[in-house]
Structure formats: C-alpha cells, structure tokens
Amino acid sequence: MQEDKQYNLDCRYVRMARIWAENSYCQRRQVGALVVKNKAIISDGYNGTPSGFENVCEDENNVTKPYVLHAEANAITKLARSHNSSDGATLYITASPCIECAKLIIQAGIKRVVYSEKYRLEDGLNLLKRAGIEVEYINPE
C-alpha cells in the first residue's frame, strides 16, 4: 500500500518535471527537474543558458553550446540562492543525469533520484549508486 502511494507520487512528480521541461528553449532536447522534500517542491530547473544570456542553446551546426546548463544543475544552483536545503531530498528528472550533474547531486545531499528517460551513458547513474543514492527509473505512461 505504502509502495503504491510512493509510486503514484513519483509518477506525478515525473509528469510535472516533463511539463516543466517545456520551458526550455533547447531544440535538441528539453529536460526538466524538480527537487522535492517532505512532499513539497523546493526547487525546479530546466536545461538552458545562464541567466542574462540569449535563450539559444544550439549553435549554427545544431551542437549544444558548452555553457548550457543541465536541468538538475539549474535546480540545484537555484537552491543555493534560496533558504531551502536539498539535504535528504528527492530529485525528479526527465533524463538520467550525466556524471557532472551526478557530482552536484551527491554534494547537494540529495538521497534519491527518479528519472523517466535513459541517457546513452550510465556513468552518472553508476556514480550515484556508488555514493549510496537510491536511483529509480519510472515511465509514468
């Protein structure tokens, strides 16, 4: 019963992260992230350029610009500017994290990551598991 309740909550937050991804101006891939603690969304993010930059993620060859931030990095750094703590939180993300974002997740004290799309590289997921972070794949459809 409790597992069903958590699964239903996880599916809801993943669907919300997918909707949040629609805010991204990136053409190649839109990714959304939510940081949830005690059933409250404490931060959100989507992939895109840093604040103050033009909202163009790809160059003329359709290659992602090197300064584009990933959704989870945006959500975690947004927390740094707030009064919230991600210690013990869950990160819901539409795509599994890369290794660079996995490092940020570990350092942010996030204890659980739920994602809905598998990225071609699994080094980020492997690092999270090595750090003892619970990792879960959910396809809410």
Side-chain angles (χ1 to χ4, degrees), residues 2-141:
Q2 183 64 19
E3 287 180 21
D4 288 345
K5 193 174 183 181
Q6 184 61 56
Y7 177 79
N8 289 335
L9 260 178
D10 288 344
C11 286
R12 247 179 248 127
Y13 284 124
V14 165
R15 286 194 307 269
M16 290 170 72
R18 285 184 175 176
I19 290 168
W20 200 245
E22 294 172 13
N23 287 317
S24 173
Y25 287 90
C26 295
Q27 301 296 312
R28 292 181 62 216
R29 181 180 218 173
Q30 294 178 314
V31 180
L34 298 174
V35 180
V36 176
K37 188 172 178 180
N38 302 323
K39 296 183 182 174
I41 297 169
I42 60 170
S43 190
D44 53 61
Y46 49 87
N47 57 325
T49 57
S51 298
F53 281 63
E54 74 290 343
N55 287 321
V56 179
C57 298
E58 295 85 8
D59 64 18
E60 59 280 348
N61 297 316
N62 202 33
V63 174
T64 301
K65 293 179 179 179
Y67 52 84
V68 168
L69 290 158
H70 290 186
E72 55 271 56
N74 258 330
I76 291 168
T77 55
K78 194 183 228 184
L79 273 168
R81 297 175 75 171
S82 76
H83 298 290
N84 288 314
S85 167
S86 54
D87 201 36
T90 298
L91 173 71
Y92 293 91
I93 186 158
T94 57
S96 59
C98 70
I99 195 156
E100 293 302 317
C101 289
K103 292 185 234 177
L104 292 175
I105 292 165
I106 294 164
Q107 290 301 97
I110 291 169
K111 295 299 176 205
R112 188 165 173 260
V113 174
V114 179
Y115 67 98
S116 64
E117 291 174 31
K118 295 179 180 178
Y119 183 60
R120 60 183 169 80
L121 300 174
E122 293 191 10
D123 50 354
L125 293 174
N126 294 336
L127 186 64
L128 293 174
K129 291 173 188 171
R130 183 176 168 195
I133 294 172
E134 184 184 340
V135 175
E136 210 168 317
Y137 168 76
I138 288 183
N139 186 348
E141 293 163 1

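Residue numbers count from 1 along this sequence. Keep in mind that what you see is a predicted model, and the values were worked out from it rather than measured.
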Handout entry: Side-chain donor/acceptor of S24 to backbone N/O of N47, under 3.5 Å
Key = yes

Exercise for the section: First locate atom CZ of R15, then atom CG of L34, and finally report the distance between them rounded to the nearest 0.5 Å. Expected result: 12.5 Å

Exercise for the section: Please confirm whether the backbone N or O of K5 pairs with a side-chain atom of N8, one donor and one acceptor, at under 3.5 Å? Expected result: no

Could you pull out every donor-acceptor pair under 3.5 Å between side chains of residues 48-58 and any protein atom, sequence neighbours left out?
residue	atom	partner	partner atom	Å
T49	OG1	E54	O	2.9
E54	OE2	K65	NZ	3.1
E54	OE2	Y67	OH	2.9
E58	OE1	Q27	N	3.3
E58	OE2	Q27	N	2.9
E58	OE2	R28	N	3.0

Please tabulate, one pair per line, all N/O donor-acceptor pairs under 3.5 Å involving side-chain atoms of residues 107-115, not counting sequence neighbours.
residue	atom	partner	partner atom	Å
R112	NE	E134	OE2	3.2
R112	NH1	D10	OD1	3.2
R112	NH2	D10	OD1	3.4
R112	NH2	D10	OD2	2.5
R112	NH2	E136	OE1	3.1

Handout entry: Residues forming a side chain to side chain donor-acceptor pair (under 3.5 Å) with K78, sequence neighbours excluded
Key = D44

Handout entry: All side chain to side chain contact (heavy atoms under 4.5 Å, CB included) counterparts of N38, not counting sequence neighbours
Key = none

Problem - Main-chain N/O of G88 paired with K37 side-chain donor or acceptor, under 3.5 Å - result: no

Fill in the blank from the handout: By side chain to side chain contact (heavy atoms under 4.5 Å, CB included), L79 pairs with (sequence neighbours left out) V35, I42, S43, S82, N84, S86

Practice task
Report the residues that fulfil salt bridge (charged side-chain N to carboxylate O under 4.0 Å, His left out) with K103, sequence neighbours left out, ordered by chain and then residue number.
Solution key: E100

Problem - Distance-minimising heavy-atom pair for P97 and A102 - result: CB-N, 4.4 Å

Practice task
Using the test side chain to side chain contact (heavy atoms under 4.5 Å, CB included), find all partners of D123 that sit at least two apart in sequence or belong to another chain.
Solution key: I99, L121

Exercise for the section: Hey, could you give me each pair passing ring-ring contact (aromatic ring centres under 6.0 Å, His included) that has a residue in residues 69-94? Not counting sequence neighbours. Expected result: Y13-Y92

Handout entry: Qualifying disulfide (SG to SG under 2.5 Å) pairs, either residue in residues 87-118, two or more places apart
Key = none

Handout entry: Set of side chain to side chain contact (heavy atoms under 4.5 Å, CB included) partners for I106, sequence neighbours left out
Key = L127, L128, A131, I133

Exercise for the section: Kindly write out the residues that satisfy side chain to side chain donor-acceptor pair (under 3.5 Å) with T94, not counting sequence neighbours, or none if the list is empty. Expected result: none

Completion exercise
Contacts of N74 meeting side chain to side chain donor-acceptor pair (under 3.5 Å) (sequence neighbours excluded), chain-then-number -> none

